[in-house]
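Heads up: numbering here begins at 1 and tracks the sequence. When reading the values below, keep in mind they use all heavy atoms of this one structure, side chains included, and skip hydrogens, waters and symmetry mates. All values reported here derive from a predicted model rather than from experimental measurement.
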Amino acid sequence: MAIKDESRFPAAVYAETVLAPLFEGAKRHYRDHFQRVDRAHLVMLAETGVLDAATAAAIGGALVDIERDLDVEALTYTGEVEDFFFLIEAELKRRLGPDIAGRLHTGRSRNDIDHTLFKLALKGRIDTLAAKARGLAQSLLDTARRERATLIVAYTHGQPAQPTTFGHYLAAAIEVLLRDLARLQAARAIVDLCPMGAAAITTTGFPIARHRMAELLGFSAPLQNSYSCIAAVDYVTSTYAALELMMLHLGRLVQDFQFWSSFEVGQLYVPNAFVQISSIMPQKRNPVPIEHLRLLASHAMTRARSMLTVMHNTPFTDMNDSEGETQGQGYAAFDLAGRVLDLLSGLVAAVSIDGDKVRRNIDRSCITVTELADSLVRIEGLSFRQAHEIAAATAKAVVAAGASLAEAGFTPFGQAFAETCGRPSTVDEARFREIVSPEHFVAVRARFGGPAPEPLDKAFAGYAAVLETFAANAATAADREKGASAMLDSCFDIVMKGQG
């Protein structure tokens, strides 16, 4: 872009490196929001009598003409005006003259306009992401219900620990995701407070109606303190902190899926639709979507974290650090996070558990032996420490023999019990086999939060109820904003007719 008149235009390097990119960002992200803000502000000025009906109608007509005639997509930054806001004001002046055109800006500033635009853009992105997150939660819940009795090996410290069910495991992931959704909705509530009317910093002496502006733009209320409207960036930090945590937590689930689908573990089966083959090794089944999930979640989390980093040690005032360039960079985090939620929803619905692999891993690892110790306390009246020593000796002998606890554990168990207690156990071989079975292990863990059917089904019902509440709240907000849009259109038409 060539700048010819340095007395009129900004320095070429400033225009090319700062103003032109900001102009493109405003075109791409805020054009429609800007129209809504202009229309709402005009309606409010007319309703409060700050503008007379004829002036308001003239401005409204010019705004409509600009929206119709201006090919925003074809615009390139020339340096004739500083930014998109002044472009619209220049177009108004061209149509109405400076006196009437300049009256639209009564009682407002680019400061309150900017943060209103940013919040309008964020609300839509939060709503889309929250809907995708609810979709993932529903996919997790559907799969958890389907797999409520499907045994898996649960790991701690990378080693087989205890048997549980896939449904129980997924229920844990659902709980975290629901808390992540709650954090995202809490952030949205902060975003949903309107800055309009704060003007530059301290509001204005004109009798504007801040609550009316919030209503016309679909916000729940105005943000009260005018200094906060232009200085507080907690609507940004809260939003991206919630997004960052969601991606961090889902990344842990993805990491488990990667481990579980490895050849050596093999308890998670990924169907062919989510598998790529090797270009050279015919035997390979590569579940690469899992890798892409890990990558995309990391990218989304990193971009969200960068938003918090940019805000660190910035002054508590209006400043460019929180504005156009930064806001635009943050939107990529939403795009990446949305891809994660969509892909993971599809994957969770498609995967299954390889029961044979699970059974073999349970047999090899003696992970039901905890229940042997617990049962000895209940049946034989031993202390848990005594029972633990007997169970440990039994597991050691079975692992050394490379055998199954159910098939080869009774003899070493009897020996260890007699050596410890000086008498034979009352547990016979049939009872021993039952005690160390993974099905029994799960069934007796019927406490609140456990993997047995009763507490798990109660948990599922609770998750479904929370999801319904989230969905209902989202629908209420959408209805309110749809109603606000219709109200704004109706009120703007009244102003256009000179009846404001």
Next on the checklist: If you apply the rule side-chain contact (heavy atoms from CB on, under 4.5 Å), what do you find for Thr309 with Tyr240, and how did you get there?
Outcome noted: CA-CA 11 Å; Thr309 303; Tyr240 286 99; over 6 Å; no
Checklist entry - Step by step, would you call Phe257 with Leu293 a side-chain contact (heavy atoms from CB on, under 4.5 Å)? => result CA-CA 10 Å; Phe257 284 5; Leu293 279 168; 5.9 Å; no
Next on the checklist: Applying side-chain contact (heavy atoms from CB on, under 4.5 Å) to Val236 and Val310, what does each step give before you reach the verdict?
Outcome noted: CA-CA 11 Å; Val236 178; Val310 169; over 6 Å; no
Next on the checklist: Would Glu389 and Arg385 count as a salt bridge (Lys or Arg N to Asp or Glu O under 4.0 Å) here? Give the steps.
Outcome noted: CA-CA 6 Å; Glu389 290 174 359; Arg385 187 50 55 204; 5.7 Å; no
Checklist entry - Going through the distances and angles, do Met246 and Met301 end up as a side-chain contact (heavy atoms from CB on, under 4.5 Å)? => result CA-CA 8 Å; Met246 182 181 288; Met301 175 185 151; over 6 Å; no
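Scanning all heavy atoms of the two residues, the minimum distance from Ala300 to Leu336 falls at CB-CB, 3.7 Å. Of all non-hydrogen atoms in Ala387 and Val377, the two that sit nearest each other are CB-CG2, 3.9 Å. Nearest heavy atoms, Leu341 versus Lys132: CD1-CB, 3.8 Å. Between Thr116 and Pro195, the closest heavy-atom pair is OG1-CD, 3.3 Å. The two atoms that bring Gly218 and Arg36 nearest to each other are N-NH2, 4.3 Å, heavy atoms only. Nearest heavy-atom pair, Gln267 versus Val153, reported as atom, atom and distance to 0.1 Å: OE1-N, 2.9 Å.
The list of salt bridge (Lys or Arg N to Asp or Glu O under 4.0 Å) pairs with a residue in residues 150-165, not counting sequence neighbours, is empty.
No side-chain donor-acceptor contact under 3.5 Å links Arg125 to the backbone of Asp335. Checked by atom type and distance alone, the side chain of Thr420 never pairs as donor or acceptor with a backbone atom of Ile390 at under 3.5 Å. A donor-acceptor contact shorter than 3.5 Å is absent between the side chain of Asp256 and the backbone of Leu253. With Arg285 contributing its side chain and Val270 its backbone, the two residues share a donor-acceptor pair below 3.5 Å. Distance alone, capped at 3.5 Å, places no donor-acceptor pair between the Asp354 side chain and the Tyr269 backbone. Judged by distance alone, with hydrogens and angles left aside, the side-chain atoms of His168 form a donor-acceptor pair with the main-chain N or O of Gly449 at under 3.5 Å. In this structure a side-chain-to-backbone donor-acceptor pair under 3.5 Å is present from Arg210 to Cys194. Checked by atom type and distance alone, the side chain of Thr326 pairs as donor or acceptor with a backbone atom of Asp321 at under 3.5 Å. Checking side-chain atoms of Ser322 against main-chain N and O of Asp318 turns up no donor-acceptor pair under 3.5 Å. Checked by atom type and distance alone, the side chain of Ser298 pairs as donor or acceptor with a backbone atom of Arg294 at under 3.5 Å.
In summary, Arg480 and Asp192 engage in a salt bridge, as defined by a charged side-chain N under 4.0 Å from a carboxylate O. Look at Glu439 and Arg359 and you find a salt bridge, because one of the NZ, NE, NH1 or NH2 atoms lies within 4.0 Å of a carboxylate O, short of that distance.
Judged as a side chain to side chain donor-acceptor pair (under 3.5 Å), and not counting sequence neighbours, the contacts of Ser425 are Glu380. Applying the side chain to side chain donor-acceptor pair (under 3.5 Å) test to Asp127 and every residue at least two apart in sequence or in another chain returns Arg188.
Atom CG in Asp180 sits 11.0 Å away from atom CD in Glu244 (nearest 0.5 Å). In this structure, CG in Leu308 is found 10.5 Å from CG in Leu243, a value given to the nearest 0.5 Å. For the atom pair CZ of Phe410 and CG of Asp428, the computed distance is 6.5 Å after rounding to the nearest 0.5 Å. Between the CG atom of Leu181 and the OG1 atom of Thr469 there is a distance of 12.0 Å, given to the nearest 0.5 Å. Note that the CG atom of Leu216 and the CE atom of Met487 stand 6.5 Å from one another [nearest 0.5 Å]. Rounded to the nearest 0.5 angstrom, Thr239 OG1 and Lys119 NZ are separated by 9.5 Å.
In this structure, the side chains of Glu325 and Leu22 come closer than 4.5 Å at one or more pairs of heavy atoms. Residues Val444 and His440 are in side-chain contact: their nearest non-hydrogen atoms beyond the backbone lie under 4.5 Å apart. Between Ile362 and Phe441 the shortest side-chain heavy-atom distance does not fall below 4.5 Å. For the pair Arg134/Leu467, a side-chain contact is recorded, criterion being any heavy-atom separation below 4.5 Å from C-beta on. Within the 4.5 Å cutoff, no side-chain heavy atoms of Val398 are placed close to those of Ser404. In this structure, the side chains of Arg179 and Arg183 come closer than 4.5 Å at one or more pairs of heavy atoms.
With a 6.0 Å radius and a threshold of 12 heavy atoms from other residues, nucleotides or ligands, His249 has its NE2 atom above the threshold. At most 12 non-hydrogen atoms from other residues, nucleotides or ligands lie less than 6.0 angstrom from CZ of Arg431. Applying the 6.0 Å contact sphere to CZ of Phe263 captures no more than 12 heavy atoms from other residues, nucleotides or ligands. Arg145 CZ: more than 12 foreign heavy atoms inside a 6.0 Å radius. Residue Arg364 places its CZ atom among 12 or fewer non-hydrogen atoms of other residues, nucleotides or ligands, all under 6.0 Å distant.
In this structure, Lys123 satisfies the cation-pi test against Phe219, with its NZ or CZ atom closer than 6.0 Å to the six-membered ring centre and inside 45 degrees of the ring normal.
Checked against the 6.0 Å centroid criterion, the rings of Tyr155 and Phe259 qualify as a close aromatic pair.
Aromatic ring orientation, Trp260 versus Tyr169: tilted (interplanar angle from 30° to 60°).
With respect to His29, the ring pair (Phe, Tyr, Trp, His ring centres under 6.0 Å) criterion is satisfied by exactly one of Phe23, Tyr331, Phe34: Tyr331.
Using modelled atom types and a 3.5 Å distance limit, the side chains of Thr143 and Glu147 yield no donor-acceptor pair.
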